[in-house]
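Protein chains get the first letters and strands the later ones, always in sequence-line order, with residue 1 at the start of each.
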Amino acid sequence: MARDLLGRVLVYDDPGGRRAARIVEVEAYLGAHDPASHAFRGPTPRTTVMFGRPGVAYVYFIYGNHHCMNVVAHAPGVAGAVLLRGAEPLVGLGDDPAALAGPGRLGRAFGLTTAHTGMDLVRSPLLIRAGEPVPSSAVSRSARIGIAVSRTSARRWRFTVRGSRGVSR
DNA sequence: CGAATGATCCGA
DNA sequence: CGGATCATTCGA
């Protein structure tokens, strides 16, 4: 579940050193029943990864500028992924949470590209670790941002850590 | 093959 | 509020 990624730690070890950040904002995207999802119209070369094994990265390039990272996560037989939208810097990322507030900024800060798509987030230089769990009282739930469709009140699939400066605006 | 568009960000 | 900027996708 998307909400459970809050508080977990995204770590990336590469030749430049280690970078790590605490995840504070996520959004869930499904497949065939979610018009806002890249997987809505079935698998394509870009999105087949969303139909595959959970726990791997799906990084997409958008608006000619931005790389955004998802964690593939879904029940058997259906597509799904969780978009990482905001984080707080922990290691190697400076000390300004605004630099990680927003999926494009997060991707930029970690140096992510589409080449990271398919990486196993349990065993690879790019991974997600357990972190301090975020209590329900600190989690805020709302409608997803930046999408033109599927903005129904039944789909409030954006989860944020209340009060964190790593949350996008 | 051409055209439209997007899970965004920045600057004015 | 509009422009940047291009990979991906869809229609012809």
Side-chain angles (χ1 to χ4, degrees), chain A residues 1-10 12 19 21-75 78-89 93-119 121 126 128 134 139-162 164-169:
Chain A
M1 181 179 178
R3 178 246 176 277
D4 297 320
L5 280 178
L6 294 180
R8 300 183 79 150
V9 179
L10 178 63
Y12 188 25
R19 285 173 272 202
R22 173 181 181 245
I23 298 166
V24 295
E25 176 179 358
V26 298
E27 283 179 358
Y29 288 87
L30 300 186
H33 300 289
D34 181 5
S37 173
H38 290 170
F40 180 57
R41 294 172 197 282
T44 66
R46 181 178 64 156
T47 64
T48 41
V49 65
M50 283 183 71
F51 295 78
R53 186 162 40 87
V56 311
Y58 163 46
V59 180
Y60 66 88
F61 182 60
I62 190 117
Y63 296 119
N65 283 300
H66 309 288
H67 294 275
C68 305
M69 175 178 169
N70 294 253
V71 178
V72 175
H74 55 77
V78 297
V82 179
L83 174 66
L84 305 186
R85 290 192 54 96
E88 296 171 351
L93 291 166
D95 60 357
D96 182 8
L100 303 182
R105 291 171 178 170
L106 187 57
R108 170 84 43 199
F110 274 85
L112 300 177
T113 71
T114 54
H116 294 90
T117 291
M119 281 192 174
L121 296 171
L126 180 65
I128 290 189
V134 179
V139 174
S140 180
R141 181 174 171 234
S142 61
R144 293 174 295 181
I145 291 193
I147 54 174
V149 294
S150 199
R151 300 184 115 288
T152 106
S153 59
R155 298 190 169 175
R156 297 179 21 184
W157 293 341
R158 175 179 180 243
F159 300 88
T160 63
V161 174
R162 232 170 232 141
S164 170
R165 292 195 48 227
V167 173
S168 70
R169 199 194 73 77

For DNA chain B, which residues in residues 103-114 of chain A have a heavy atom at a distance below 4.0 Å?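 Residues of residues 103-114 of chain A under 4.0 Å from DNA chain B: A:Pro103, A:Gly104, A:Arg105.
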Give me the atom names and distance for the closest heavy-atom approach of [X] to [Y].
X	Y	answer
A:Met50	A:Ser37	CE-OG, 3.6 Å
A:Thr48	A:Pro43	CG2-CB, 3.6 Å
A:Pro35	A:Arg155	CD-NH1, 3.4 Å

Take A:Ala148 and A:Ala101, find for each the nucleotide of DNA chain B with the closest heavy atom, and name the residue whose nucleotide sits nearer the 5' end.
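By nearest-heavy-atom nucleotide position, the 5'-most residue is A:Ala148.
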Q) Between CZ of A:Phe110 and CZ of A:Arg105, what distance do you get to the nearest 0.5 Å? A)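 Those atoms lie 15.0 Å apart.
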A:Leu30 vs A:Trp157, side chain to side chain contact (heavy atoms under 4.5 Å, CB included): CA-CA, chis, key distance, verdict: CA-CA 10 Å; A:Leu30 300 186; A:Trp157 293 341; 3.7 Å; yes
Could you check how far [atom1] of [X] sits from [atom2] of [N], rounded to whole Å?
X	N	atom1	atom2	answer
A:Ile62	C:dT9	CD1	P	11 Å
A:Met50	C:dT9	CE	P	12 Å
A:Asn65	C:dG2	CG	P	18 Å
A:Arg46	C:dC10	CZ	C1'	13 Å

What does [X] touch in the nucleic acid at a heavy-atom separation under 4.0 angstrom: a base, only the sugar-phosphate, or nothing?
X	value
A:Leu83	base
A:Arg144	nothing
A:Tyr29	base

[X] side chain vs [Y] backbone, donor-acceptor pair below 3.5 Å:
X	Y	result
A:Arg85	A:Glu27	no
A:Arg19	A:Ala109	yes
A:His74	A:Tyr29	no
A:Arg158	A:Glu25	no
A:Arg8	A:Ile128	no

With a 4.0 angstrom cut-off to heavy atoms of chain A, pull out the first and last contacting nucleotide of DNA chain B, in 5'-to-3' order.
->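 Using the under 4.0 Å cut-off, the span is B:dG6 to B:dC10.
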Reading DNA chain C from 5' onward, which residue's closest nucleotide shows up sooner: A:Thr44 or A:His66?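 Taking each residue's closest nucleotide, the earlier one in sequence belongs to A:His66.
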### Pair A:Thr44, A:Thr47: side-chain N/O donor-acceptor within cut-off below 3.5 Å
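A pair is found: one side chain offers a donor N or O, the other an acceptor, under 3.5 Å apart.
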Self-check item: All stems with DNA chain C, defined as three or more consecutive Watson-Crick or G-U pairs under 3.5 Å
Solution: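 Expected stems, ordered by start: B:1-6 with C:6-11, B:8-11 with C:1-4.
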